[in-house]
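Each remark here refers to the structure printed beneath this line.
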Amino acid sequence: MKKYWLASLLLMGAMSARAQITGDILGAHNLTPSGTSPVKGNMDSCLFCHAPHSGVQAPNAALWSQTLSMQSYAAYSSTTLHNAEQQPALGASSSLCLSCHDGTVAVGQTQPYGTITMTGGMNAADVFGGNLQGSHPFSLKLPMVDSPDLVSSLSSSHTTADPLKQVNLIGNNVECTSCHAPHVQSIDQISQNFLVRDGSAGQLCLACHEVNPRTVNGQNNPLAQWTGSIHAQAGNRIANTTILGSYSNVAQNACLSCHMPHDSVAGARLLRGPIPSVSNMDTNTQSCITCHNGGTNISPAIPNVYAEFAKIAHPYPAGSNTHDANEPAVLNNNRHATCVDCHGPHTSLAVTSFTSPAPPAMRASQAGVVGVSAPDGATVLNPAVNQYENCLRCHGASSGKQVLAVFGYLPTWAVSSGDPLNVMTQLAATATSSHPVLHDRSSALSQPSLLSFMWNLDGRTQGRATGTRILCTDCHNSDDNREFGGTGPNGPHGSQFLHILERRYEFSQVVPGPAGPGSTIQNLYPNPILDPAANGPYSLCAKCHDLNLVAGNTSFSEHARHINDGFSCSTCHTAHGMGASSAAILGERLVNFDINVVAPNGTNPIAYNRATNSCSLTCHNHAHQLSAAAGSQRRSGIFPR
């Protein structure tokens, strides 16, 4: 009777696939000399796995013939896994599969028939060993725990969301045979991996993983925007199916573009990585650069983000400062920059417009990322609404920030809020003046040099309207970004210019030697080049400010003289904003002074008076003093020649 039951089982499997499959239904599981398996033995195909009578080790509904493995397995784990994995029960569904696929028991080592002589060997990718940390979790501890990224029916009714009813829980659990049909290799004729159904477009994964908004125990579903995301929609063709999945394009591969159900070297989150791997790079970034490296893996090619990191760039994580999906929003003493810190792989959208939504709203490519609010710098926003909220995870009130030499010179301001790397205080509404990133900084003071449109990188054609708000990435951006006329990726991935700035921004410094602040400034450009193109010495500021009007003294009567002497903007102006103010320097128009460059005038503190356009300090070996009345600077001798 059992023999006829087994024959019926195989017949039903064949009938279910008849419309799709012809020829050898067992495929790689046909170990006979005429089969397609790389391992072959001289025995009936069914008998390698099944015995009509006396199957081994009860409970054993499958009449199992192959000797079962006694291996103890290292299970998958992650900080976001809600269901704990346990050792598969001996003789249960997954245990049967592992009796061949963990490699500890030779294929053909049967219980009722003894050891069958076999030739060949299994493909290395099909032998998992005892380390299953790189494989999708299975044999979970029951009852199954609900999670926001899982369909609710898994825990409530023990059913999946597969409309074809082919992906099923086995004994209310996830087992190998939930996804794999061991008797039919090619139900999915593209990905011939014994799948229970067509897995293209993520259909197999989405039987259990929810893509609609869900909140469970206060946690939001990170997959909630998946179906509209760029990775779910992109039709870019796949050239290297070995690395990127079996299907023809990114959208068809869907989850498989980034994740591997088995054999992931990343462990948590089962990420793919390039082949060969890249040294000194975290697994999250490696997974992304498989496609975003300007190579031939996908077509049409997409912007080469990887090349940007060869410039002055956000550094890869190393050692203990790697990204984790469960990490806090504020990265205290653990600063790092992976792709997924700024981009949601399940939520990122294609950028179709650089004008909508208007700044400071989040760009589509960063949709769904986490951020922190301003001005407290601690309230978690998931997802962030504005671009700066994501940047403030690292560049706000977090502790452990470092001044790294790779980013270049950093001024020390005469008036400071204490933490020079906390841009949140510098850009706050309470600042006397700031660039309009966090807030609309419309001023009662005239701004004659402000352009109506930003210059593109060529300094000749107009880009986006300047507007009343700007983005962090209007200054910190790839130097070849396509928003402003280049061909490269947008965003602060890397730049040839210091501080990952989109364009050149010089910092005046005093000449080397014992004199120190107040001594001769290195005259970078004694014959000023008023070219707003990206490599001009004042080009970053010239993106939004008309250099001809600045040099024409329209807002300050001594701008031209400073420019002609080769001073940079950073000598007298802070870039982000005034994190604090003092009685001596209120900070209108971002006026502050780099005390590495300027010094006090005698015992008088460094000061600036906007009403008289005069200052008290020593700079370039000249002592300047405040003027008593507007227009008297020359008479008081504050700008001697």
Side-chain angles (χ1 to χ4, degrees), residues 411-418 420 425-436 439 441-450 507-510 516-521 538 541 545-547 549-641:
T412 301
W413 300 111
V415 178
S416 172
S417 60
T425 59
Q426 299 167 30
L427 297 168
T430 54
T432 309
S433 61
S434 72
H435 275 111
H439 305 280
R441 300 297 303 189
S442 298
S443 173
L445 302 176
S446 64
Q447 302 176 70
S449 69
L450 191 62
F507 295 91
S508 284
Q509 300 177 58
V510 297
S519 63
T520 302
I521 287 178
Y538 298 97
C541 300
H545 294 277
D546 189 326
L547 288 180
L549 292 180
V550 173
N553 298 334
T554 55
S555 57
F556 175 50
S557 60
E558 300 294 336
H559 265 150
R561 181 174 296 180
H562 285 83
I563 290 173
N564 286 329
D565 284 345
F567 286 31
S568 70
C569 303
S570 70
T571 304
C572 305
H573 296 281
T574 183
H576 295 110
M578 296 296 296
S581 63
S582 70
I585 302 174
L586 297 179
E588 302 98 333
R589 297 189 185 276
L590 303 179
V591 173
N592 207 340
F593 297 98
D594 183 359
I595 60 174
N596 292 331
V597 176
V598 308
N601 178 358
T603 59
N604 297 320
I606 296 173
Y608 169 70
N609 187 312
R610 186 187 64 81
T612 62
N613 266 338
S614 62
C615 53
S616 174
L617 51 81
T618 301
C619 182
H620 205 54
N621 290 324
H622 296 300
H624 304 289
Q625 63 189 43
L626 291 173
S627 177
S632 63
Q633 297 99 315
R634 193 66 51 83
R635 293 193 302 275
S636 65
I638 66 165
F639 293 112
R641 296 302 298 262

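Rounding to the nearest 0.5 Å places OG1 of Thr554 at 11.5 Å from CD of Gln447. Remark: Arg589 CZ to Cys572 SG distance equals 14.0 Å, nearest 0.5 Å. Interatomic distance, Leu547 CG to Tyr538 OH, rounded to the nearest 0.5 Å: 9.0 Å. Within the model, atoms CD1 of Ile563 and CG of Asn553 stand 8.0 Å from one another, a figure rounded to the nearest 0.5 Å. Within the model, atoms CG of Asn604 and SG of Cys615 stand 12.0 Å from one another, a figure rounded to the nearest 0.5 Å. Note that OG1 of Thr412 is 4.0 Å distant from CG of Asn596, once rounded to the nearest 0.5 Å.
Residue Glu588 comes nearest to Ser433 through the heavy atom pair C-OG, 3.8 Å, listed as atom of the first residue, atom of the second, then distance. Nearest heavy atom pair, residue Ala575 against residue His435, reads O-ND1, 2.6 Å. Listed here is the closest heavy atom pair of Cys619 and Thr571: SG-CG2, 4.4 Å. Scanning both residues, Ala414 and Ile606, for their nearest heavy atoms gives CB-CG2, 4.5 Å. Scanning both residues, Ser417 and Thr425, for their nearest heavy atoms gives OG-OG1, 3.1 Å. Contact between Ser581 and Thr432 at its shortest, heavy atoms only, is CB-OG1, 3.7 Å.
Residues meeting the side chain to side chain donor-acceptor pair (under 3.5 Å) test with Ser555, sequence neighbours left out: none. Under the side-chain contact (heavy atoms from CB on, under 4.5 Å) criterion, Ala429 pairs with His439, sequence neighbours left out. A search for side-chain contact (heavy atoms from CB on, under 4.5 Å) contacts involving Thr603 returns nothing, not counting sequence neighbours.
Neither side chain, Ser614 nor Asn609, offers a donor N or O lying under 3.5 Å from an acceptor on the other.
Ring geometry for His562 against Phe567 counts as perpendicular: the plane angle is over 60°, on a 0 to 90° scale with 30° as the lower cut. Between His573 and His559, the ring planes are tilted. Angles from 30° to 60° get that label.
Ser449 contributes no side-chain N or O that, together with a main-chain N or O of His545, makes up a donor-acceptor pair within less than 3.5 Å. No donor-acceptor distance shorter than 3.5 angstrom exists from the side chain of His576 to the backbone of Leu427, with no hydrogens or angles considered. A donor-acceptor pair under 3.5 Å is absent between the side-chain atoms of Ser446 and the main chain of Pro448, judged by distance alone.
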Start with the C-alpha distance between Leu617 and Asn601, add both sets of side-chain angles, then the distance that settles side-chain contact (heavy atoms from CB on, under 4.5 Å), and finish with yes or no.
CA-CA 4 Å; Leu617 51 81; Asn601 178 358; 5.5 Å; no
List the steps, then state whether side-chain contact (heavy atoms from CB on, under 4.5 Å) holds for Trp413 with Asp594.
CA-CA 5 Å; Trp413 300 111; Asp594 183 359; 4.3 Å; yes
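When each of Asn613, Leu626, Leu586 is tested with Tyr608 by the rule side-chain contact (heavy atoms from CB on, under 4.5 Å), just one qualifies, namely Asn613.
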